[in-house]
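As a basis for the values below, the full set of heavy atoms in this structure was taken, side chains included, without hydrogen atoms, waters or symmetry mates. Sequence lines set the chain letters: A, B, ... in the order given, protein chains first and strands last, and positions in each chain run from 1.
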2 protein chains.
Amino acid sequence: MDKTLASLDWSLIQSFLAVADTGSLSGAARRLGASQPTLGRHIRTLENTLKVELFQRHARGFQLTPLGREMRGHAERMAEAMAGLSLVAAGGETRLEGDVRIATSVFMAHHVMPGIIAQMRQQEPDIRIDLVPSDSSENLLFREADIAVRMYRPEQLDMVTKHLGDISLGMFASRAYLDRKGAPRGAEDLHHHDVVGYDSNDDIIREMRAMGIPASREMFAVRCDNQSAYWELVRAGCGLGFCQTNIARKDPEMVEIPLAFPLPHLPVWLTTHEALRHSPRIARVWELLDVGLRPFVS
Amino acid sequence: MDKTLASLDWSLIQSFLAVADTGSLSGAARRLGASQPTLGRHIRTLENTLKVELFQRHARGFQLTPLGREMRGHAERMAEAMAGLSLVAAGGETRLEGDVRIATSVFMAHHVMPGIIAQMRQQEPDIRIDLVPSDSSENLLFREADIAVRMYRPEQLDMVTKHLGDISLGMFASRAYLDRKGAPRGAEDLHHHDVVGYDSNDDIIREMRAMGIPASREMFAVRCDNQSAYWELVRAGCGLGFCQTNIARKDPEMVEIPLAFPLPHLPVWLTTHEALRHSPRIARVWELLDVGLRPFVS
DNA sequence: GTTATGCTATTCATTATTGAATGGATAAAA
DNA sequence: TTTTATCCATTCAATAATGAATAGCATAAC
């Protein structure tokens, strides 16, 4: 085996990749939990050892040279292999303790998960939970999360999934709003009302059109992409809005608006990586999520 | 990104793979140029961080657990990516100095390369040469060599190759042997002579059979796989033997035995990895080998 | 122009890592 | 059995790597 290959410290490549990704020593340092001088030294050592120039030193940061760009691909392949390795390792943990990261939508994280997690903590005090609220999908391969609770069918490969059931949606308004504007009568009447909608997400519009109701972005008086904040807007009386019926019906201030047409249902999927499935603590949290979410997916 | 993934030092994986490959801390230490306690600590750190058991401690060394075996594949993928990276880096070196590893057959390394390398050193004193004599083929992907001089067409992918010409073979015997046994007359007469052959390598037998001459392993009085030692056996008068004519004819003690049938020719191929082709020092050594080998491939 | 911000390079005390040495344990060879 | 050769774990002095602090730049905003 070549001397260079054997003696070159792999952690230098780790640093190289971090600097290449973040574009600066400082950024890479933050990502790796190291300091900026350390990263600077790592890059210099790497360049000196390989006798090549990997970055152009710029006042605003480090920029890859063409050669560095060529090397980056290989470093990324190393990172992927490392991710796979780390996944196998996590799946091999045998004790019923440790951290479990649960990714789910902002809305669920706000309105559903706290109760479930509180119960989990009582039953499994040795399992610490990281809750990752996010409406963009996580990459479970890179362990951005261990278990994801999602409102759509996961499409990543090597995943174990379970469809827990469906969440029914309803249209709601606050009493204050209804006192002011009255309740809508039928689909056409919606045009005379304020509706709270999503901003960049066009789910509502597409669903309404699918129902045969003309809809456009302009019909929304107030828009918000964060679903928790969205719901607070509706509760504050900004207009009509949609919400999971199981949550909204518990709120005495909110009134459900009966609709002539049925709203779509949201499927609830539990997901984890195949390699993690046999880890006791992941399996346990999976089980508790399965049970805990049941009341919400009637 | 997961904390474990980001914070786990990749050099620990490097150590893990070395221990998995060699089966011992000491062996891994030798391979990595580190010490046995260091490797021991690395493995322990890795196991503690990932909270898994990777090896079974045995008195004779370390043995992978099933989980460790699963992880090994990923570690190997990392090593492959690392090899690719290191190759790109080596190809990106811009100076006409450094080390170049030349792999070639034991015989060539003994009888041909020294002169060529001596001349190289005069013309390019800043290029240091590692000569790797080996009759098994090198893996240029892992940079076991930078340039290989081979007697067969290389089959690895991503390789740059050049057919320099062919080497002609002849049958020779020492004067001492001929004085004792006389020269053979024709192919049938070979049975009354001692022939020095290869041991596990059956090239000679296959070639003779291809020529229509009945041959078997038993016809060899003395056998040796190392071709340099083989030739010394022939020179010492152990029997008839084959050799490159260009080399053998320079030896006043050796007499060529004229044969009625033609012997096969050996092709000479120069090989390097695609990624290294544009490195100035590799290109320079390639060029000098091309020129230097010319007299031998008439 | 001036200020604020974000970055890199350098220094130096601190900390963490390393390896030589040692002891103990096991398996193979004499 | 005794010897020999490996191997691993542990210890501790020496070494190497680290990060906080600082200074110096370049850019962007005012």
Problem - Check ion pair B:R128-B:D99 (N to O, under 4.0 angstrom) - result: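 Result for this pair is yes, salt bridge flagged.
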Handout entry: B:R235 and B:E232 ion-paired at < 4.0 Å
Key =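 Yes, charged N to carboxylate O under 4.0 Å.
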Euclidean distance, atom [atom1] of residue [X] to atom [atom2] of [N] [Å, nearest integer]:
X     : N      : atom1 : atom2 : value
A:F62 : C:dC7  : CZ    : C1'   : 10 Å
A:R60 : C:dC7  : CZ    : P     : 7 Å
B:L25 : D:dC8  : CG    : P     : 4 Å
B:L39 : D:dT6  : CG    : P     : 18 Å
B:F55 : D:dC7  : CZ    : P     : 15 Å
B:R57 : D:dT10 : CZ    : P     : 10 Å
A:H42 : C:dA9  : NE2   : C1'   : 16 Å
B:L12 : C:dT18 : CG    : P     : 9 Å

Just checking [X]: base, sugar-phosphate only, or nothing, at a heavy-atom cut-off of under 4.0 Å?
X     : answer
B:R41 : base
B:S26 : sugar-phosphate
A:G61 : sugar-phosphate

Problem - Closest listed nucleotide, where the reference is the side chain of A:R44 and the choices are C:dG6, C:dT10, C:dA27 - result: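 Given the options C:dG6, C:dT10, C:dA27, the side chain of A:R44 is closest to C:dT10.
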Handout entry: Given C:dT11, C:dT18, D:dT11, the nucleotide with the shortest approach to the side chain of A:P37
Key =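 It is C:dT11.
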Handout entry: Neighbour count >12 (heavy atoms, 6.0 Å) for atom CD, B:Q156
Key =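 Counting neighbours around CD of B:Q156, more than 12 heavy atoms of other residues, nucleotides or ligands fall under 6.0 Å, so yes.
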Exercise for the section: Count the heavy atoms of every other residue, nucleotide or ligand shown that sit under 6.0 Å from CZ of B:R277, and state whether that count exceeds 12. Expected result: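 Atom CZ in B:R277 is not crowded, with 12 or fewer foreign heavy atoms closer than 6.0 Å.
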Practice task
Verify salt bridge (Lys or Arg N to Asp or Glu O under 4.0 Å) between B:D126 and B:R95, making sure each step is shown before the conclusion.
Solution key: CA-CA 10 Å; B:D126 291 334; B:R95 281 176 304 179; over 6 Å; no
Practice task
Verify the contact: side-chain N or O of A:S35 to OP1 or OP2 of D:dT18, cut-off strictly under 4.0 Å; return yes or no.
Solution key: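 Checking D:dT18 against A:S35, no side-chain N or O comes under 4.0 Å of OP1 or OP2.
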Exercise for the section: Please figure out whether A:H58 or A:A34 has its closest DNA chain D nucleotide nearer the 5' end. Expected result: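 First, find each residue's nearest nucleotide; the 5'-ward one identifies A:A34.
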